[in-house]
Amino acid sequence: MRAPMKCTGLLCAGLLVIAAGCSGANSRVATHINQEAALTGNLPYNPLAWKVITSWIDEQNGTMSTLFGNDAAVQYARNNSGHDYPSGAVLAAVTWSQQEDPRWFGAGIPSSPKSVEFVSVIKGADQKPSWSYEKYEGSPLKESSKAEASVPGDRAAWLLAQRAAVMP
Amino acid sequence: MATGSPRAKAVVWIAVLLCIVFIGIQFIRPAIENPPVTAEIQAPPAVKQILRSSCYNCHSDETKLPWYDQVAPAYWLAERDVEKGRMALNFSEIGELSAAQQKGLLFEAINQIQLGVMPLPAYRAIHPGSAVTPEQLEILRAYLHPPAPKQAAPQAQVQAADAQYEAWQHAANAIPAVQPEPNGIAFIPDYKNWRVISSTDRFDNHTMREILGNEIAIKAIAEHRINPWPDGTVFAKVAWAQQPDAQGISHTGAFVQVELMIRDQKKYAATKGWGWGRWRGADLKPYGRDASFAHECVDCHKPVRKNDYVYTAPLAGQGTGGQQ
């Protein structure tokens, strides 16, 4: 009478298999919105409502940045290789600290925001441009520096020099 | 419990019959052969040991099934898993690939373990000790992480990216003539004007990506209706080669590809409610050879099926405030 016992054993194993296949909720997969990366605080514009120009990754500092632009800026960047943005153009560089992507070992994704930088181009009646640079840091994001000049500072110039990512 | 009652007799007969069938089916045995190992994966012994104890039964030419897998019908299931498993990934054969390619496959392997997909849950349940323990997982991860520090991109790569950029600027605003994928999914040139829902630094394959969403996707995020995503949702995932500069900052280099996921529960029921498309290179060549390519997409997204087959956790906050 050992064979029938084996049959029952197999049946049990089968049920176990089915149970195992159905359970197994994995916390890495659980649905969520990345609230940690939200841009809190009072920003003059919401860069996330704008279009993307390009992005970069600073591995040493563990950060990743996306450069956004308002329509005037995006239109210019995608059609010009120079850095002479028109009046009214605003660039916004959002820099996040990076976290491991829980769903993909081998990838980094945005964690909390480290800074948001805005560069605005204003041209007066004489067509002479001036630039303003504002930086927001902390949590919630607060203005940490602001400069206005007829020549963009080093950081503003660096941001203005980032060419658009190819998007055919 | 009077022995000899018709009912008890019937039970005995059924049991006997079942056992005869059970013994009979043992003779139906497709063979599992272990061909000689030609090129085993090259990895440190500690890494190999983990793969050996948790994965080799299905992913190598050194399959050693325990006795309870030798019994049909369990044997039949095992045989199928071994055949399909070896086809998907065979650690006895990948040793001849480049070191980078072998590591690429290990990245994928670790992902399958982390997401609870491998070893197959059913196999894990009945094979004690086959699950990868957290300590073992750490050993695997430490082997691939941290990645080697980035070197400035070689000149030839920079020049190729520059040429691609120049050509793109030249063709500005001209909508390219792009062929649809063989499953009928058409390219959507407007993807570049959608909002950003996240970005990824894929250091495992040296690319960087922006994930964009159409208006329906953005509205769904604002309303927290992202599982399932509503019909009409479209994501575009745009990938570029990472191009590190002399300071170690990686910029978007050459455009690699754009991929679309289009939600229509009815129309795309056969591929989990999503229409899948991928266009590669600046000339946006459709990826699939025939319509069945979409199964490759679905397979890769299967580990996140409980999240509606979507990997990206969207950023909060695209919905507030418009232009200016």
Side-chain angles (χ1 to χ4, degrees), chain A residues 3-4 6-7 10 13 16-21 23-26 28-35 37-39 45-46 48-52 54-60 64 66 68 70-71 74 78-81 90 98 101-110 162-168, chain B residues 15 18-19 22 71 74 107 110-111 114-116 121-122 124-126 141 150 164-165 168-169 172-173 176 192-193 195-196 198-204 208 210 221 224 226-227 238 240 242 248-252 255 282 284 303-304 306-307 311 313-318 320-324:
Chain A
K6 236 186 197 172
C7 293
L10 267 171
L16 230 156
V17 167
I18 292 160
S23 68
N26 186 298
R28 292 172 182 273
V29 180
T31 300
H32 70 280
I33 285 173
N34 188 351
Q35 293 291 351
L39 305 181
Y45 313 101
N46 177 11
L48 292 187
W50 289 354
K51 292 166 193 163
V52 63
T54 188
S55 55
W56 57 88
I57 298 155
D58 184 342
E59 198 189 350
Q60 276 150 37
M64 56 200 302
T66 301
F68 298 86
N70 66 359
D71 280 349
V74 169
R78 290 183 180 169
N79 294 287
N80 295 275
S81 45
V90 184
Q98 210 180 56
D101 184 344
R103 294 177 185 151
W104 194 274
F105 177 65
I109 57 168
Q162 298 310 306
R163 73 185 188 193
V166 174
M167 295 175 89
Chain B
L18 279 176
C19 286
F22 177 75
V71 182
F107 269 110
I110 291 175
N111 272 307
Q114 284 194 165
L115 293 174
R124 234 164 35 215
I126 48 181
R141 288 166 50 98
K150 284 171 192 162
Q164 195 199 52
Y165 172 80
W168 173 65
Q169 286 267 326
N173 300 322
K192 55 181 86 67
N193 296 319
R195 294 183 189 191
V196 167
S198 194
S199 45
T200 54
D201 166 11
R202 284 287 300 274
F203 55 83
D204 59 341
M208 51 203 290
E210 291 291 331
I221 296 167
H224 290 210
I226 64 166
N227 189 0
V238 199
W240 299 271
Q242 289 194 14
I249 295 183
S250 297
H251 300 266
T252 50
F255 167 85
L284 297 169
V304 287
K306 294 210 169 112
N307 190 42
Y311 274 102
L315 302 170
Q318 299 87 352
T320 51
Q323 178 62 221
Q324 302 277 335

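In the text below, chain A, chain B and the rest are named by the order of the sequence lines, each starting its count at 1.
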Mind listing the closest non-hydrogen atom pair of [X] and [Y] along with its distance?
X	Y	value
B/D201	A/Q98	OD2-NE2, 3.0 Å
B/N307	A/R103	ND2-NH1, 3.3 Å
A/Q60	B/G248	NE2-CA, 4.5 Å
A/F105	B/D204	O-OD2, 4.3 Å
B/F203	A/G108	CE2-N, 4.2 Å
B/N111	A/W104	OD1-CA, 3.1 Å

Flag, side chain of B/N193 to backbone of A/K51, donor-acceptor distance under 3.5 Å: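 Checked: no pair found.
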Just by modelled atom types, is the B/L115 backbone N or O under 3.5 Å from a matching donor or acceptor in the A/N26 side chain?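 Checking the backbone N and O of B/L115 against the side chain of A/N26, a donor-acceptor pair under 3.5 Å is found.
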Report the C-alpha separation of B/H251 and A/R163 in whole Å, then their side-chain angles, then the decisive distance to 0.1 Å, and conclude whether the side-chain contact (heavy atoms from CB on, under 4.5 Å) test is met. CA-CA 10 Å; B/H251 300 266; A/R163 73 185 188 193; over 6 Å; no
Sort out for me which of [options] touches chain B most, counting heavy-atom pairs under 4.5 Å.
options	value
A/P168, A/A107, A/A30	A/P168
A/T66, A/T54, A/D101, A/L39	A/T66
A/N34, A/I57, A/L48	A/I57
A/A38, A/A37, A/S81	A/S81

Sort out for me which residue in B/T200, B/T252, B/V196 forms a side chain to side chain contact (heavy atoms under 4.5 Å, CB included) with A/S55.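 Result for side chain to side chain contact (heavy atoms under 4.5 Å, CB included) with A/S55: B/T252.
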Is there a side-chain contact (heavy atoms from CB on, under 4.5 Å) between A/M167 and B/E210? Walk through the geometry before answering. CA-CA 11 Å; A/M167 295 175 89; B/E210 291 291 331; 6.0 Å; no
Under 4.5 Å from any heavy atom of chain A - which part of [X]:
X	result
B/Q114	both
B/V238	side chain
B/S198	side chain
B/L284	side chain
B/I249	both

Could you check B/H224 against A/I33 for side-chain contact (heavy atoms from CB on, under 4.5 Å), going step by step and ending with a plain yes or no? CA-CA 8 Å; B/H224 290 210; A/I33 285 173; 3.5 Å; yes
Can you tell which part of A/M64 gets under 4.5 Å to a heavy atom of chain B, answering side chain, backbone, both or neither?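 The answer is the side chain of A/M64.
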For B/R195 and A/F68, what are the C-alpha separation, side-chain angles and deciding distance, and is it a side-chain contact (heavy atoms from CB on, under 4.5 Å)? CA-CA 10 Å; B/R195 294 183 189 191; A/F68 298 86; over 6 Å; no
